[in-house]
Amino acid sequence: MSPSMPGPMPALFVGHGSPMNAIEDNAWRRSWQALGKRLPRPKAILCISAHWETEGVFVGSAEKPDTIHDFRGFPKALFDVRYPAPGSPDLAHRVAELVDDPRVHFDSHRGLDHGAWSVLQPMFPDADIPVVPLSLSILQPGAWHYDFAQQLAPLRDEGVLVVGTGNIVHNLRYWRQGQTEPLDWAQRFDEDIAERIAEGHHEGMLGYETLGPDALMAIPSPEHYLPLLYVLALQRDDDPVEFFNEDVVGPISMRSVIIGKLD
């Protein structure tokens, strides 16, 4: 891994897909491993996962966050995974300090759910970088989340890697075992969002409910989409955008986004 860079840290949105990607040798996991070698070493990681929804905003302040296995029906090997990264109460308090509104609450017991550890373990296998989870308030619309995330912009200059994990398209009602080809509406919506990201047209993405029937199919509930807005909110005028894992498999988009320079 490269040493810390003098400029701002990049920000990442990672399409995490199935928890099995944490242990399977597939192209997505290999891309996470390769990205970890390209990234400057962060001082800490702030992770916004689709799998921590709360009423209000909470930040994890545990010194040693547990590995949460928040799923069922998977092989024992997946439940055996542990990601013993330390926490950072200092970063948790920094988040609360940066946010003028709303009040940020501390959760000293929250661990790392699979939206966090399934992608961080391949990127940073030594588990020696502090990780702090930030919750998604289920009471607020997309524009609110975007505005909230903009308050966190100084973290990039402080060596913090902000990682949002979810999926741009995520509708498991249409998932079928063995699917490999994208569903038409999923492909269209993924490409629409990619074009908006590439052109910097964030505003039209905030009220995703207004983007037509493909959006309503792609985002039946917002939790997998909202982490993307946290990352886009941190984009600066001179930040390049890079896509990776540009795959749509059935009703799931694995498209991932790097905001900012890696070197």
Side-chain angles (χ1 to χ4, degrees), residues 1 12-39 41-42 44-53 60 62 64-87 110-136 161-182 186 190 223-225 227-228 231 243-258:
M1 190 184 303
L12 308 176
F13 172 75
V14 182
H16 65 62
S18 167
M20 288 299 292
N21 293 326
I23 60 174
E24 290 181 342
D25 180 21
N26 58 39
W28 303 317
R29 189 176 193 277
R30 289 193 294 272
S31 79
W32 300 339
Q33 291 172 319
L35 179 58
K37 295 176 182 177
R38 294 177 60 199
L39 284 166
R41 181 177 175 84
I45 298 168
L46 181 69
C47 188
I48 304 96
S49 163
H51 296 278
W52 190 19
E53 297 177 273
K64 297 180 179 180
D66 292 332
T67 303
I68 303 173
H69 299 88
D70 51 336
F71 42 69
R72 58 185 178 182
F74 289 95
K76 182 177 180 297
L78 191 60
F79 289 91
D80 288 341
V81 174
R82 296 291 182 274
Y83 191 64
R110 179 68 186 185
L112 303 178
D113 60 61
H114 81 268
W117 59 258
S118 68
V119 300
L120 294 179
Q121 194 277 337
M123 288 185 198
F124 306 107
D126 292 336
D128 58 351
I129 298 171
V131 181
V132 169
L134 177 65
S135 76
L136 292 170
L161 177 66
V162 177
V163 180
T165 79
N167 295 98
I168 292 173
V169 180
H170 186 272
N171 192 334
L172 295 182
R173 286 179 291 183
Y174 292 88
W175 173 256
R176 300 293 180 270
Q177 189 67 33
Q179 280 179 320
T180 56
E181 296 300 314
D190 174 76
E223 74 283 348
H224 278 76
Y225 179 82
L228 171 66
V231 173
F243 295 117
F244 64 103
N245 287 350
E246 301 171 63
D247 306 303
V248 180
V249 182
I252 304 292
S253 166
M254 294 296 291
R255 182 182 296 275
S256 303
V257 188
I258 303 168

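Quick note: residue numbers are just sequence positions, from 1. Quick caveat, the model's predicted, so the values are computed rather than measured.
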Derivation and outcome, side chain to side chain contact (heavy atoms under 4.5 Å, CB included), residues Leu35 and Ile258: CA-CA 10 Å; Leu35 179 58; Ile258 303 168; 3.7 Å; yes
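- Residues satisfying the side chain to side chain contact (heavy atoms under 4.5 Å, CB included) criterion with Asp126, sequence neighbours excluded, are Asp128.
- Rounding to the nearest 0.5 Å gives a distance of 8.5 Å between CE of Met123 and CD1 of Ile45.
- Take Phe13 and apply the ring pair (Phe, Tyr, Trp, His ring centres under 6.0 Å) test, not counting sequence neighbours, and it matches no residue.
- Partners of Ser31 according to the side-chain hydrogen bond (donor to acceptor under 3.5 Å, both in side chains) rule, which considers only residues two or more places apart in sequence or in another chain, are Asn245.
- The shortest heavy-atom contact between Gly250 and Gln179 is CA-OE1, 3.8 Å.
- Between Arg110 and Ile68 the shortest side-chain heavy-atom distance falls below 4.5 Å.
- With sequence neighbours excluded, the residues satisfying ring pair (Phe, Tyr, Trp, His ring centres under 6.0 Å) with His114 are His16, His51, Phe71.
- Asn21 and Trp32 share no donor-acceptor pair across their side chains, judged by distance under 3.5 Å alone.
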Audit row: Gln121, Arg29, side chain to side chain contact (heavy atoms under 4.5 Å, CB included) steps and yes/no: CA-CA 10 Å; Gln121 194 277 337; Arg29 189 176 193 277; 2.8 Å; yes
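- The side-chain heavy atoms of Leu39 and Leu12, taken from C-beta on, include a pair separated by under 4.5 Å.
- A search for side chain to side chain contact (heavy atoms under 4.5 Å, CB included) contacts involving Ala127 returns Tyr83, Pro84, Ala85, not counting sequence neighbours.
- Between Ile252 and Leu172, the closest side-chain pair of non-hydrogen atoms falls below 4.5 Å.
- Applying the side chain to side chain contact (heavy atoms under 4.5 Å, CB included) rule to Val248 yields the partners Pro182, Ala186, Gln187, Asp190, Ser253; only residues at least two apart in sequence or on another chain are considered.
- Considering only residues two or more places apart in sequence or on other chains, Arg173 meets the side chain to side chain contact (heavy atoms under 4.5 Å, CB included) condition with Asn171, Pro220.
- Rounding to the nearest 0.5 Å places CG of Leu136 at 8.5 Å from CD of Glu223.
- The shortest side-chain heavy-atom distance between Cys47 and Thr165 falls under the 4.5 Å cut-off.
- Within 6.0 Å of CZ on Phe244 lie more than 12 heavy atoms contributed by other residues, nucleotides or ligands.
- Between Ala62 and Pro65, the shortest heavy-atom contact is O-CD, 3.9 Å.
- Side-chain contact between Trp28 and Ser256: absent, with no pair of heavy atoms (C-beta onward) separated by less than 4.5 Å.
- Scored by the side-chain hydrogen bond (donor to acceptor under 3.5 Å, both in side chains) test, Ser135 finds Thr54 as partners (sequence neighbours excluded).
- Across Pro133 and Val131, no two heavy atoms sit closer than the pair CD-O, 4.1 Å.
- With sequence neighbours left out, the ring pair (Phe, Tyr, Trp, His ring centres under 6.0 Å) criterion links Trp117 to His69.
- Every residue two or more places apart in sequence or in another chain was checked for a side-chain hydrogen bond (donor to acceptor under 3.5 Å, both in side chains) with Glu24, and none qualifies.
- For the pair Arg255 and Ile168, the tightest heavy-atom approach, listed with the atom from each and the gap, is CD-CD1, 4.0 Å.
- For Phe243, the ring pair (Phe, Tyr, Trp, His ring centres under 6.0 Å) criterion is met by no residue, not counting sequence neighbours.
- Ser49 and Asp113 make their closest contact through OG-OD1, 2.7 Å (heavy atoms, listed as atom of the first residue, atom of the second, distance).
- Sequence neighbours left out, the pairs with a member in residues 66-78 that pass salt bridge (charged side-chain N to carboxylate O under 4.0 Å, His left out) are Lys76-Asp80.
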Test side chain to side chain contact (heavy atoms under 4.5 Å, CB included) applied to Leu161 and Phe124, step by step: CA-CA 12 Å; Leu161 177 66; Phe124 306 107; 3.9 Å; yes
Working for side chain to side chain contact (heavy atoms under 4.5 Å, CB included), residues Leu112 and Leu120: CA-CA 10 Å; Leu112 303 178; Leu120 294 179; 5.5 Å; no
